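I have placed the structure first, in the form of structure tokens, so that the comments after it can refer back to it.
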Amino acid sequence: TQTVSQSDAHVTVFEGDSVELRCNYSYGGSIYLSWYIQHHGRGLQFLLKYYSGNPVVQGVNGFKAEFSKSDSSFHLRKASVHWSDSAVYFCAVSAPSGSWQLIFGSGTQLTVMP
Amino acid sequence: DPKIIQKPKYLVAVTGSEKILICEQYLGHNAMYWYRQSAKKPLEFMFSYSYQKLMDNQTASSRFQPQSSKKNHLDLQITALKPDDSATYFCASSQDRDWGGSEQYFGPGTRLTVL
């Protein structure tokens, strides 16, 4: 059984700050990891994904995430946030075989203060 | 132009009625999905389809029936509606299975309220 844990329900930072949104997963085999962003009242937008290779993956709008097998983590980072980054961020896992369903964490609400 | 269209955007229904949620994607993808988002369960996978064939069904109730009349269509029929069905329903699509469906594109959602 795959599980995804996002320990922080809310994160508040100021514009220009760096931010790290945490994601830990539990799964015994190979998995795909991804991050999605959901602005208020909108659908989800894909940010980035990882399966193998370089553990640091670059996404859109300056986001990047780092995979750690030892920590079972896939944390999302941004060096300098903008007010428009305020949204809910979801970490997700999916398996190479099967139905390709995304299993999502509970989400982290990021609020960027001016 | 929107790449994934969901209709209607808002839907109000009475308990016991039946509704159909429409989804069309114009990304050329061969896999389509339905997810549900509510206050109780943030994002919950319901169905996945590939080339119009059901791949997985994680919905316990047979009241939820996906319908795929074309490769780029995946509608969701819900019968005998209950207040607990109130949620936002998202349609999504992805290109192929090489990435395990990890890169999915979501529609804007249909917000269903059952009175």
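Values in this document were obtained by computation on a predicted structure and should not be read as measured data. First the proteins, then the strands, lettered A, B, ... as listed; each starts at 1.
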Residue pair Gln95(B) / Glu103(B), side-chain heavy-atom distance below 4.5 Å
no

Among residues 5-18 of chain A, residues within the sub-4.5 Å heavy-atom range of chain B, in order of number, are none

Residues of residues 85-93 of chain A within contact distance of chain B, non-hydrogen under 4.5 Å:
Phe90(A)

Please flag which part of Gln37(B) lies under 4.5 Å from any non-hydrogen atom of chain A: side chain, backbone, both or neither.
side chain

Gln45(A) versus chain B, heavy atoms under 4.5 Å apart: side chain, backbone, both or neither?
neither

Do you know which two heavy atoms are closest between Tyr33(B) and Ser94(B), and how far apart they sit?
OH-OG, 2.7 Å

Hey, are Asp56(B) and Gln58(B) close enough side-chain-wise for a donor-acceptor pair under 3.5 Å?
yes

Can you tell me if His75(A) uses its side chain to pair, donor with acceptor, with the backbone of Cys23(A) under 3.5 Å?
yes

Could you tabulate the donor-acceptor pairs under 3.5 Å formed by side-chain atoms of residues 57-65 of chain A, not counting sequence neighbours?
none

Close side-chain approach of Tyr36(A) to Ser34(A), heavy-atom, < 4.5 Å
yes

Under 4.5 Å, heavy atom to heavy atom: which of residues 105-115 of chain B reach chain A? Give them by number, or say none.
Phe106(B), Gly107(B), Pro108(B)

Answer yes or no: is there a side-chain heavy-atom contact under 4.5 Å between Ile103(A) and Tyr25(A)?
no

Do Phe104(A) and Tyr35(B) have ring centres separated by under 6.0 Å?
yes

Is any side-chain heavy atom of Phe45(B) less than 4.5 Å from a side-chain heavy atom of Leu102(A)?
no

Donor-acceptor check, side chain of Gln52(B) to backbone of Tyr49(B), threshold 3.5 angstrom: yes or no?
no

Between Ser68(A) and Ser70(A), do the side chains contain a donor N or O and an acceptor N or O under 3.5 Å apart?
yes

